[in-house]
Each structure stands twice: as C-alpha cells, then as structure tokens.
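Below you'll find the structure, written out as structure tokens, and then a few comments.
Only heavy atoms go into these numbers, but all of them, side chains included; no hydrogens, no water, no symmetry mates. FYI, the numbering just counts along the sequence from 1.
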Amino acid sequence: MDKFSQYIPKNTTGFFNQPYPPTSVVIRRPDLIQGVPDGILSLCVPIVLYWSYSTFFHIVDTYELAEKYRIHPSEEVLQRNKVTLRVVIQDVIVQHIIQTLVGLVFYKLDPVPTTGYEQREMWYLKQRLPPFFKWNDTIANLFVYYGYWYGLSATKIIIAFVIIDTWQFFLHRLMHVNKTLYRKFHSRHHKLYVPYAFGALFNDPFEGFLLDTVGAGLAAIITGLTPRESMVLYGFSTLKTVDDHCGYSLPFDIFQIIFPNDSIYHDIHHQHFGIKSNFSQPFFTFWDKFFGTTFHGVDQYKQSQQKITLERYKEFLASRQKSRIQKQQQQHSKVERYSDSEDEPDHQKKEQ
C-alpha cells in the first residue's frame, strides 16, 4: 500500500505522523497573479468568461458553424425577438457594472486571505479520523491531504450550486406568479423568445442585481468560500448561464452532458407554451420536480426541434452548395473571358 505515498507531495507528508501538531506561521496568501488581489480577480473572471464564451457562440452564429445543432432556425432570432442585440449588450454591461461595484464593497469588508495554518489543520483532521480510515497510514494521509485541499472546496462549491438554484427558483417563480413583478421587471428578459448567448444576463437591472448578484454572493458567504473558491463558483455559474441561453443543443457540450437543466430545458421556458414551467436555473431541476412545474414534454419538444433543425440544416447545406457552384461558375466565366482576350489577334488590338 506504500505505493500510494507517491501521490502526496514529499515535502508535506512528514507532519502527519508527528506526535504533536505542527507550528503555524500565518502569513498573507500570495495572489495567483502578482499585483492583482485574488478578491479582485474573482470579480474579473466571470466578466471575462461571459464575454469570451458569448463571443464564441456569436462567431458560431455568424459563420453558421453549427447549424445542425440549432434549437431554432436562425431567422427566428430576428423575427420573434422583441429587442435588438445592441440593447441586450447595453443591459448586460450595466449588470456587470452593478455586480462589480457590489463585489468591491464586499472585497473591502473581507479579511485578507492568509496561509501557513494548513498543515496544523490537516494534522488535527487525521487525529479525528474514524478507526476505519486508519487501517493504513498512507491511505489515511492520502484521504486527509486531498480531502482537505480539494474535497472540501468541491463540497462547498456544490452546496453553493444548490443555494443558487434555490434562490433563483423561488425568486424566478415569484416573478412569474406576481403579475406586477413580471410586468415591471422580468418581462424584459422574456423579450428574447429565441435565446442567444449574449442575452444570458439581459435583465432589468434590479432583477439582475437581485437574482444573480445577490444569489451568487449569498451562496459564497453562506458556504464560506475563499476568493479562489469564489472565482470557481462565479466563473462556472457564468459559463453555465451563457450555455443555457446559447441557442444550441450540442452533443459534445460538457454542461449539457452533466446537468439536466440544459439549453433545451431553459429554451422551453422562453416559449409561450412553457413560460409557466421550468423555473429552475441554472444547474439542477429538483425544485421543478418537487413543485410539479416541470414542462411535461421536454423530450417531445427536443425531438420536434431536432426535426425542424434537421430540415433547415438540409436546406442550409443545399443553399451553401448552390452558392459554391455559382461562385465556381463565375470564376470559370472570368477565366474564359480573360483567355479570350489573350487569344485576340494583335491587329485587332491595334485597331482598337
């Protein structure tokens, strides 16, 4: 079993078997990027990821790189949506400004991240292990080491996912149940009947603050996330939200593979027949199942949209092939005209 010791860094294993806890020398934790505090970086990461991932899907849209996997035909974006791309981008910028300002306030209130106490905490954790884990010392060290550095952070982030889902479900549902709230705030987001990536955070500023900024902030505070853990939470949830609104059902999309709450599930909520269902966002669907608000016909809708998309994709391929043939014919015609002019007798050129 000692072969497992190779998976623990050698310079960190000696303290595990000491008869007394290691001495702690607590210092300020170095930042991931020198000169940029981790707390500030955690505010920048979701913004950079939002615009990067949205731009990726915009390029896919513009150059028609994944027409086979569209949920809606491309022309529906212009026909059915009641707001322009320019307005959508303006609103998202406003939301990012608001969430950054709020984040800066909490950054000033947060304690300075420190390090140097980790070995002492791991030593105490090992002492508290049940006898079952202590049957092999190396396995026990391995469990404590990776559990402390990675398992604890992963557990906190997953709990934060559940908190965000809970917050957003009840607030989102309230926005639909209460006609005044829907009319004044949430109806703005539903001007996008055909969602696309840039519109993931297209909301009324007050709703965006309450739904997204407060929800994610509460999740980070309740679970006690460090700035680096917050970075993962904010970044991951941002990517997931953009993916839910991307307008594509992609078989190789990791978010759509892992989570049941995917782009199709949320797209149904944006349609007139599904607006009173599928309130859950952005990760799981258990609250919809618990309250009976899941749209009954998700699979049928998915199949029908795939059929429409496949038909449109065939038309798209035929149109592209026709366009290529026309371009080839035009090029061939130009070559022939050029060749004819070169073959023209010299005396005709002189007369001209």
Please list, chain by chain and in numerical order, all residues satisfying ring-ring contact (aromatic ring centres under 6.0 Å, His included) with [X], sequence neighbours excluded.
X: Tyr150; answer: Tyr146
X: Phe295; answer: Phe273
X: Tyr265; answer: none
X: Trp167; answer: none

**OP:** Could you pull out all residues at least two apart from Asp110 that satisfy salt bridge (charged side-chain N to carboxylate O under 4.0 Å, His left out)?
**Re:** none
Subject >> salt bridge (charged side-chain N to carboxylate O under 4.0 Å, His left out) against Asp91, all qualifying residues, sequence neighbours excluded >> reply: Arg188
Original post:
Can you tell me how far CZ of Phe279 sits from CG of Asp288, rounded to the nearest 0.5 angstrom?
Top reply: 7.5 Å
Original post:
Atom CG of Leu211 and atom CG of Leu171: how far apart are they, to the nearest 0.5 Å?
Top reply: 5.0 Å
Original post:
Below 6.0 angstrom between ring centroids: does that apply to Phe291 and Phe169?
Top reply: yes
**OP:** Just jot down the side-chain hydrogen bond (donor to acceptor under 3.5 Å, both in side chains) partners of Glu118, sequence neighbours excluded, or say none.
**Re:**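 Arg29, Thr115.
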Original post:
Are any of the side-chain nitrogens in Asp137 or Lys126 under 4.0 Å away from the carboxylate oxygens of its partner?
Top reply: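 Salt bridge between Asp137 and Lys126, a charged N being under 4.0 Å from a carboxylate O: yes.
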**OP:** Sort and list the pairs that fulfil ring pair (Phe, Tyr, Trp, His ring centres under 6.0 Å) and have at least one residue in residues 98-121, not counting sequence neighbours.
**Re:**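 Listed once each, the pairs would be none.
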Original post:
For residues 210-228, which residue pairs qualify under salt bridge (Lys or Arg N to Asp or Glu O under 4.0 Å), counting only residues two or more places apart or in two chains?
Top reply: Asp38-Arg228
Original post:
Do any pairs count as a salt bridge (Lys or Arg N to Asp or Glu O under 4.0 Å) and have a residue in residues 141-168, sequence neighbours left out, and if so which ones?
Top reply: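 Counting only pairs at least two positions apart or across chains, the salt bridge (Lys or Arg N to Asp or Glu O under 4.0 Å) contacts touching residues 141-168 are Lys156-Glu229.
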Original post:
So Phe206 and Phe209, would you call those rings parallel, tilted or perpendicular, with 30° and 60° as cut-offs?
Top reply: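 Phe206 and Phe209: tilted rings.
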**OP:** Anything under 30° is parallel, anything over 60° is perpendicular, the rest tilted; go ahead and classify Phe283 against Phe259.
**Re:** tilted
Original post:
Linking Ile, Leu, Val, Met, Phe, Trp and Tyr by side-chain heavy atoms under 4.5 Å, what else ends up with Tyr182?
Top reply: Ile275
**OP:** Quick one: name the residues clustered hydrophobically with Val105, using the 4.5 Å side-chain heavy-atom rule over I, L, V, M, F, W, Y, and just say none if it's on its own.
**Re:** Leu109
**OP:** Given side-chain hydrogen bond (donor to acceptor under 3.5 Å, both in side chains), test His269 with His176 step by step and report yes or no.
**Re:** CA-CA 11 Å; His269 177 72; His176 280 274; 3.0 Å; yes
Subject >> Given His270, His172, Glu207, the one that forms side chain to side chain donor-acceptor pair (under 3.5 Å) with His189 >> reply: His270
Subject >> Ser263 side chain to Tyr248 backbone, donor-acceptor under 3.5 Å >> reply: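 At least one qualifying donor-acceptor pair exists.
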